[in-house]
Amino acid sequence: MKRASPPNFDQSAFRQALSQFATGVTVITTRAASGQLIGITASSFNSVSLSPPLVLWSLATRSASMPVFRTNSHYVVNVLAATQLDLCKRFATVKGDRFEGVSHAAGDSGMPVLDGALAWFECHNRSRYEEGDHVIFVGEVERCGVHENAAQMLPLVFQSGQFHGLKPL
Ligand SMILES: Cc1cc2nc3c(=O)[nH]c(=O)nc-3n(C[C@H](O)[C@H](O)[C@H](O)COP(=O)(O)O)c2cc1C
C-alpha cells in the first residue's frame, strides 16, 4: 500500500484551512472520582451513528483534564447557544474552578448538564483512539435533550477564529 506523502504546508496553513470549516461549540463536562467538576470547550464534536447512538469528540493529549476524561466512564456534551459565548470562553481559559457561578444540574448519570444549553447528550464512553496529538473519544448516548425554547434560539458557531450566531438562510 502507498504511504502518505509529507505535507506541502506548514502548521499555520493547516490551521487556517481547518478553521474555514464552521462548527458548533460544545462544553464537555464530567465529574472526577474526587467529586471535582471538570469541563472543556470543544468544537470537535460530531455525530457517528444513529443505531447504536454514537457521537465523537477529540481532546488534546496535553490537556490538563485528560487524566480525568481518560478514566471516567461518563460525560455530557453540552451544545452551546449563541447567548453562551461567556461559557465557551470560560471553559477554554479559566485555570481554577470553571463551574464557579455556572448554573447546572446533575443528569441521570450524575454528570453536570449546563443550564441553558441548546441540546445535551449524556454519554457512556465506548472507545478511545490515540491519533497524533489528540485522543478521539466515542461516546454512546444514554440520554439526550433539547432546550424547550430551542426553536427561538441561535446556536453558537465558530469559524475562522470568530464566533457567530447562526441565522437560517
Ligand atoms: C471554540 C473552541 C473550540 C475548542 N475545541 C477544542 C477541542 O475540540 N479539543 C480540544 O482539546 N481543545 C479545544 N479547545 C481548547 C480547550 O477548550 C482549551 O485548551 C482548554 O483550556 C482545555 O482545558 P484543560 O487544559 O483544562 O483540559 C477549544 C477552544 C475553543 C475556544
Side-chain angles (χ1 to χ4, degrees), residues 11-49 54-104 109-141 144 147 153-167:
Q11 210 176 83
S12 96
F14 186 44
R15 286 176 85 106
Q16 201 201 348
L18 287 174
S19 77
Q20 302 312 310
F21 182 61
T23 66
V25 182
T26 71
V27 171
I28 319 268
T29 52
T30 193
R31 179 188 293 272
S34 63
Q36 190 193 359
L37 299 180
I38 304 284
I40 64 125
T41 299
S43 55
S44 53
F45 170 71
N46 221 320
S47 53
V48 174
S49 159
L54 302 177
V55 297
L56 67 74
W57 59 286
S58 66
L59 182 62
T61 313
R62 61 177 161 69
S63 161
S65 41
M66 181 60 87
V68 174
F69 281 112
R70 235 188 237 288
T71 50
N72 260 27
S73 61
H74 286 80
Y75 47 77
V76 180
V77 180
N78 300 270
V79 178
L80 296 187
T83 51
Q84 295 179 306
L85 179 57
D86 54 334
L87 291 185
C88 161
K89 293 182 175 169
R90 180 171 186 86
F91 282 92
T93 57
V94 167
K95 295 283 172 232
D97 178 10
R98 291 181 178 162
F99 282 80
E100 200 184 317
V102 174
S103 36
H104 59 88
S109 60
M111 303 295 125
V113 179
L114 301 183
D115 288 357
L118 198 48
W120 64 94
F121 302 87
E122 291 189 62
C123 301
H124 175 266
N125 199 69
R126 181 175 164 119
S127 48
R128 296 181 191 88
Y129 302 91
E130 313 249 351
E131 287 294 347
D133 53 15
H134 277 62
V135 176
I136 302 164
F137 292 78
V138 177
E140 184 155 354
V141 180
C144 69
H147 194 288
M153 293 162 73
L154 299 178
L156 182 61
V157 173
F158 188 53
Q159 193 257 353
S160 192
Q162 289 187 306
F163 295 100
H164 309 261
L166 183 70
K167 289 206 175 89

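Both ligands and their constituent atoms are indexed starting at 1 by order of listing. These numbers come from the heavy atoms of this one structure, side chains and all, not from hydrogens, waters or symmetry mates.
For atom 11 (O) of ligand 1, the closest non-hydrogen atom of the protein is Ala60 N, 2.8 Å. Summary of contacts: the protein heavy atom closest to atom 18 (C) of ligand 1 is Ala92 O, 3.5 Å. Atom 5 (N) of ligand 1 has as its closest protein heavy atom Ser43 N, 3.0 Å. Atom 9 (N) of ligand 1 has its closest protein heavy atom at Ser58 O, 2.9 Å. Nearest to atom 30 (C) of ligand 1 among the protein's heavy atoms is Thr41 CG2, 3.7 Å.
Every atom of ligand 1 is numbered from 1 in the order shown, and the set under 4.0 Å from a heavy atom of Ile40 is 22 (C), 23 (O), 27 (O). Proximity to Leu59 (heavy-atom distance under 4.0 Å) selects the following atoms of ligand 1: 11 (O). Those atoms of ligand 1 with a heavy atom of Ala64 less than 4.0 angstrom away are 24 (P), 25 (O), 26 (O), 27 (O). Annotation for ligand 1: atoms under 4.0 Å from non-hydrogen atoms of Ser44 are 7 (C), 8 (O). Each of the following atoms of ligand 1 lies closer than 4.0 Å to a heavy atom of Ser65: 24 (P), 27 (O).
Proximity of Arg98 to ligand 1, defined as any heavy-atom pair under 4.0 Å, is confined to the side chain (atoms from C-beta onward).
Within the 3.5 Å criterion, the main-chain N or O of Leu54 finds no donor-acceptor partner in the side chain of Glu140. Between the side chain of Arg31 and the backbone N or O of Gln36 there is no donor-acceptor pair closer than 3.5 Å.
Between Phe99 and Phe91, a ring centre-to-centre spacing shorter than 6.0 Å is recorded.
The shortest distance between side-chain heavy atoms of Arg70 and Thr61 falls below 4.5 Å. At a threshold of 4.5 Å between non-hydrogen side-chain atoms, the residues Cys88 and Phe163 count as touching.
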Run Trp57 and Thr26 through side chain to side chain contact (heavy atoms under 4.5 Å, CB included) and show every step you take.
CA-CA 10 Å; Trp57 59 286; Thr26 71; over 6 Å; no

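Checked against Val27 for a side chain to side chain contact (heavy atoms under 4.5 Å, CB included), the options Val76, Thr41, Val79, Val102 give a single hit: Thr41.
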